[in-house]
Amino acid sequence: RSGNLLLAGGGHGAAKGMVVVWDVKTGDRIFEVGDELDSVLGADISADQSLIALGGPGKVVRIYATADGSLLHELKKHTDWIYSVSFSPDGVLLATGDRNGGLFVWEAYTGREYSMLSGHTGSVTDLAWRPDSNILASASEDATIRLWEMENGTQVKSLTGHPGGVTSLA
């Protein structure tokens, strides 16, 4: 989020997946985390750059420490491939969405489930936070964008207008 690092998740389907981080100014590869058995489909780095979260076809969200690459948490509530992963701007929460419409919010540093946000009937393809971290927007192949308030985990708005589904938002 500072603009100093570039993070990319990927890999080879059914073979290997990881997240790699580069220094934008020098182009140097700083570190990599994850040893997935499939591609990484969603990944993010926390605002303070101390945590990296990733998810993919394995249906497990993994949170790593950037200091030493150690695995801190494995979050196993998703029932399908994880497509989207996003830390809140304040770094307190982590949102993750899957191919089955599952949308969860976690406490970033403890790995505890904070909220399950029910409403999407299609894949959750992208996530975006309001800068104050109080509202999460989720995009879905069910043709909706939903806005969620974090204090109670309630939906505050649903927007439609993309009959083919929504694939990204900012």
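Side chains included, hydrogens not; waters and symmetry mates left out as well; all remaining heavy atoms used.
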Next item on the list: Please test Asn4 against Val24 for side-chain contact (heavy atoms from CB on, under 4.5 Å), starting from the C-alpha separation and ending with a verdict.
Entry: CA-CA 5 Å; Asn4 295 325; Val24 172; 5.8 Å; no

Notebook entry, point to check: Checking side chain to side chain donor-acceptor pair (under 3.5 Å) for the pair His12/Ser39: CA distance, chi angles, key distance, verdict?
Noted result: CA-CA 5 Å; His12 298 284; Ser39 293; over 6 Å; no

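Inspection of the Tyr109 and Ser50 side chains reveals an N or O donor paired with an N or O acceptor under 3.5 Å. Residues Ser2 and Gln49 bring a donor and an acceptor atom of their side chains to less than 3.5 Å of each other.
Across all their heavy atoms, Ala53 and Ile63 have their closest contact at CB-CG1, 4.2 Å. The nearest pair of heavy atoms linking Pro89 to Ala47 is O-CB, 3.3 Å. Across every non-hydrogen atom of Trp22 and Gly27, the tightest pair is CD1-O, 3.7 Å. Across all non-hydrogen atoms, the minimal contact from Gly17 to Val40 is C-CG2, 3.9 Å. Nearest heavy-atom pair across Val85 and Gly55 is CG2-N, 4.1 Å. The two residues Leu41 and Pro57 make their nearest non-hydrogen contact at CD1-CD, 3.7 Å.
Applying side-chain contact (heavy atoms from CB on, under 4.5 Å) to Phe87 and the options Leu127, Asp48, Leu51 leaves one that passes, Leu51.
Here the straight-line distance linking atom CH2 of Trp106 with atom OG1 of Thr96 works out to 5.5 Å at 0.5 Å rounding. We find the CD-CD1 distance between Glu151 and Ile135 to be 10.5 Å, quoted to the nearest 0.5 Å. With values rounded to the nearest 0.5 angstrom, Glu141 atom CD is found 11.0 Å from His120 atom NE2. The distance from the CG atom of Leu147 to the CG atom of Leu117 is 11.5 Å, given to the nearest 0.5 Å. Taking OH from Tyr114 and CD from Glu107, the interatomic distance works out to 8.0 Å, rounded to the nearest 0.5 Å. Of the inter-residue distances, the one linking Asp126 atom CG with Ser86 atom OG reads 8.0 Å to the nearest 0.5 angstrom.
Using a 4.5 Å heavy-atom threshold, the side chains of Thr79 and Lys59 count as separate. Side-chain atoms of Ser138 and Trp148, non-hydrogen and from C-beta on, do get closer than 4.5 Å to each other. A heavy-atom distance below 4.5 Å is not found between the side chains of Met116 and Leu103. At a threshold of 4.5 Å between non-hydrogen side-chain atoms, the residues Leu54 and Tyr64 count as touching. Side-chain contact between Val124 and Asp98 is absent, with no heavy atoms from C-beta onward closer than 4.5 Å. Looking at heavy atoms from C-beta onward, Val105 lies in side-chain contact with Leu136 at the 4.5 angstrom threshold. Contact check for Ile30 versus Leu5: side-chain heavy atoms found under the 4.5 Å cut-off. Between His78 and Val61, the closest side-chain pair of non-hydrogen atoms falls below 4.5 Å.
In this structure, Ser140 contributes its side chain and Gly122 its backbone to a donor-acceptor pair below 3.5 Å. Between the Asn100 side chain and the Asp80 main chain, no donor and acceptor come within less than 3.5 Å of each other. A donor-acceptor distance shorter than 3.5 angstrom exists from the side chain of Thr110 to the backbone of Arg112, with no hydrogens or angles considered.
Cluster annotation: Val19 is connected to Leu71 through the hydrophobic network of ILVMFWY side chains, with a link wherever side-chain heavy atoms come within less than 4.5 Å. A chain of hydrophobic side-chain contacts below 4.5 Å, direct or via other Ile, Leu, Val, Met, Phe, Trp or Tyr residues, connects Ile82 to Leu94. With hydrophobic clusters built from ILVMFWY side chains whose heavy atoms lie under 4.5 angstrom apart, Leu72 shares a cluster with Phe104. At a threshold of 4.5 Å between side-chain heavy atoms, the hydrophobic network of Ile, Leu, Val, Met, Phe, Trp and Tyr places Leu75 and Val60 in two separate groups. Val21 and Met18 fall into different hydrophobic clusters, defined by Ile, Leu, Val, Met, Phe, Trp and Tyr side-chain heavy atoms under 4.5 Å apart, directly or through other members.
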Can I get a per-line list of side-chain donor-acceptor pairs under 3.5 Å for residues 153-170, giving both atom names and the distance, sequence neighbours left out?
from: Thr154; atom 1: OG1; to: Glu149; atom 2: OE1; distance (Å): 3.1
from: Gln155; atom 1: OE1; to: Arg146; atom 2: NH1; distance (Å): 2.9

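Shown here is Lys16, whose NZ atom has more than 12 heavy atoms of other residues, nucleotides or ligands within 6.0 Å.
For Arg62 and Glu36, the salt-bridge test passes: some basic side-chain N is under 4.0 Å from an acidic carboxylate O. A salt bridge does not link Asp23 with Lys25: every distance from a Lys NZ or Arg NE/NH1/NH2 to an Asp or Glu carboxylate oxygen is 4.0 Å or more.
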